[in-house]
2 protein chains.
Amino acid sequence: MNIGAASEKSGLPAKTIRYYEDIGLLTADRASNGYRDYSIADVHRMRFIQRSRHLGFSVEECRQLLSLYHDKERESADVKALAEAKLAEIDRKLVELAELRDTLRHLVRNCHGDSRPDCPILDGLSRSDHTQ
Amino acid sequence: MNIGAASEKSGLPAKTIRYYEDIGLLTADRASNGYRDYSIADVHRMRFIQRSRHLGFSVEECRQLLSLYHDKERESADVKALAEAKLAEIDRKLVELAELRDTLRHLVRNCHGDSRPDCPILDGLSRSDHTQ
DNA sequence: CTTGAGCTTCCAGTAACTGGAAACATTATA
DNA sequence: TATAATGTTTCCAGTTACTGGAAGCTCAAG
């Protein structure tokens, strides 16, 4: 399939797909006319990257995540360790995101809009730790 | 408190705090010596931004989120609508993140590492929609 | 009173796109 | 079949969101 169709199916702009090829995050077959030619598996990879980027992972982190996706030596200790680290990071993000949602909900429903120091949500915010 | 302390408490690099001031995302009082002087409420705002950025919201989106945080006219229809939109977006991100976690877990535990088209996780990936 | 850490501004560089020009390929319409 | 519109190519420039480094001022410790 052409880049336009791949773009539509993956959610990545065609421009971005070409850029990812430039930096070696994706590869592409070429048709006889010179057009890039993508498979379903390529689209899966794009979608995987699109999702990871959308959720705040850097391109380098996406490269690592993709290596988990690609790597045939799934048993090697360092790949396992990387996978566990990424899973833990995702779990932390899930918690953070849930907190952000609760903060916003609370702001909309319960707070007065001023910056009163006794606003209960501010306590909640200051309680959260930020170890990274 | 000085920028160093605010940085440590908020998780934002001092450089980034100054940058956010440049683009009008944050403001700062100044002490008599010219140093920036931050309150606890300022740190809360920083933390709020740090979290939102870390979770994939753009600076412009953070500006909107902050307006929810600040706005004293919490009752106006457009602010309410923006809040609801952002909450829905966060909920979508929560789903996406959970899916990414499941994908990764599955890849680590069940898949073979090759790109076989019958790998069950690939089906899962292709099933997810990407309407935005 | 000096040494070092922390702060200031400014300017340049990087990461990750994003837009636009010029040219070739394909598809749709007359 | 001619032509116009759309899609694709490469390349180069611009944008967003930082990030690093220089030069100079301020402050706390010894």
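Every value quoted in this text rests on a predicted model; they were computed, and no experiment measured them.
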Trainee: So, OP1 or OP2 of C:dA16: does either fall under 4.0 Å of a side-chain N or O from A:R53?
Mentor: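 For A:R53, the contact criterion (side-chain N or O under 4.0 Å from OP1 or OP2 of C:dA16) is not met.
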
Trainee: When you get a sec, tell me which of D:dT9, D:dC18, D:dT26 is the closest nucleotide to the side chain of A:R30?
Mentor: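 Nearest to the side-chain atoms of A:R30, counting from C-beta on, is D:dT9.
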
Trainee: Considering all heavy atoms of both residues, which atom of A:L97 and which atom of B:L97 are nearest to each other, and what is their separation?
Mentor: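 Of all heavy-atom pairs spanning A:L97 and B:L97, the closest is CD2-CD2, 4.0 Å.
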
Trainee: Looking at D:dA17, D:dT8, D:dT10, which one has an atom nearest to any side-chain atom of B:Y19?
Mentor: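 So the side chain of B:Y19 is nearest to D:dA17.
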
Trainee: Kindly indicate whether the side chain of A:M1, heavy atoms from C-beta on, has any atom under 4.5 Å from the side chain of A:I40.
Mentor: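 The answer is yes; the side chains approach within 4.5 Å.
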
Trainee: Does B:R36 make a side-chain N or O approach to OP1 or OP2 of C:dT8 shorter than 4.0 Å?
Mentor: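 So the side-chain polar atoms of B:R36 do come within 4.0 Å of the phosphate oxygens OP1 or OP2 of C:dT8, strictly under.
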
Trainee: Nearest-nucleotide wise, let me know which of A:T16 and B:A14 is further upstream toward the 5' end of DNA chain C.
Mentor: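 The answer here is B:A14.
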
Trainee: Between D:dG21 atom P and B:R18 atom CZ, what is the distance in whole Å?
Mentor: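 Atom-to-atom, B:R18 to D:dG21, this comes out as 14 Å.
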
Trainee: Mapping A:S32 and A:P13 onto DNA chain C by nearest heavy atom, which one lands closer to the 5' end?
Mentor: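 Checking each residue's closest nucleotide, the 5'-ward one belongs to A:P13.
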
Trainee: Can you tell me the distance, in whole Å, between the CG atom of B:L25 and the C1' atom of D:dA17?
Mentor: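 Whole-Å distance recorded here is 11 Å.
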
Trainee: Please determine whether a side-chain nitrogen or oxygen atom of A:Y20 lies at a distance below 4.0 Å from atom OP1 or OP2 of C:dC17.
Mentor: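 So the side-chain polar atoms of A:Y20 do come within 4.0 Å of the phosphate oxygens OP1 or OP2 of C:dC17, strictly under.
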
Trainee: Nearest whole Å is fine: how far is C:dG6 P from B:E8 CD?
Mentor: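 One finds 10 Å between P of C:dG6 and CD of B:E8, rounded.
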
Trainee: Side chain of B:Y35: nearest nucleotide among D:dT26, D:dC18, C:dC10?
Mentor: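 From the listed options, D:dT26 comes nearest.
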
Trainee: Rounded to the Å, how far apart are B:K15 NZ and C:dT14 P?
Mentor: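 Going from B:K15 (NZ) to C:dT14 (P), I get 14 Å.
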
Trainee: Give a yes or no on whether B:L65 and A:L55 share a hydrophobic cluster (residues Ile, Leu, Val, Met, Phe, Trp, Tyr; joining criterion: side-chain heavy atoms under 4.5 Å apart).
Mentor: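 Cluster IDs for B:L65 and A:L55 match.
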
Trainee: What are the two closest heavy atoms between B:S52 and A:L100, and how far apart are they?
Mentor: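 Of all heavy-atom pairs spanning B:S52 and A:L100, the closest is OG-CD1, 3.8 Å.
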
Trainee: Rounded to whole Å, how long is the line connecting atom CD1 of B:I17 with atom C1' of C:dG6?
Mentor: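 Value for this atom pair: 14 Å.
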
Trainee: Check for me whether A:K93 meets the cation-pi criterion with A:F57, that is, NZ or CZ under 6.0 Å from the six-membered ring centre and within 45 degrees of the ring axis.
Mentor: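 Yes, cation above the ring, under 6.0 Å and within 45°.
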
Trainee: Could you state the CG-P distance from A:D22 to D:dC12, rounded to the nearest angstrom?
Mentor: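 So the CG-P distance, A:D22 to D:dC12, works out to 12 Å.
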
Trainee: In whole Å, what is the span from the CG atom of B:D37 to the P atom of C:dG6?
Mentor: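 Answer to the nearest Å: 18 Å.
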
Trainee: Among the candidates C:dA16, C:dC7, D:dT10, find the nucleotide nearest to the side-chain atoms of B:I3.
Mentor: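 Within the option list, the nearest is C:dC7.
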
Trainee: Whole angstroms only, please: what is the CD-P distance between B:E21 and D:dC18?
Mentor: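 These atoms are roughly 15 Å apart.
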
Trainee: Between B:N33 and C:dC7, is there a side-chain N or O to OP1/OP2 distance below 4.0 Å?
Mentor: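 No, B:N33 has no side-chain N/O under 4.0 Å of OP1/OP2 on C:dC7.
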
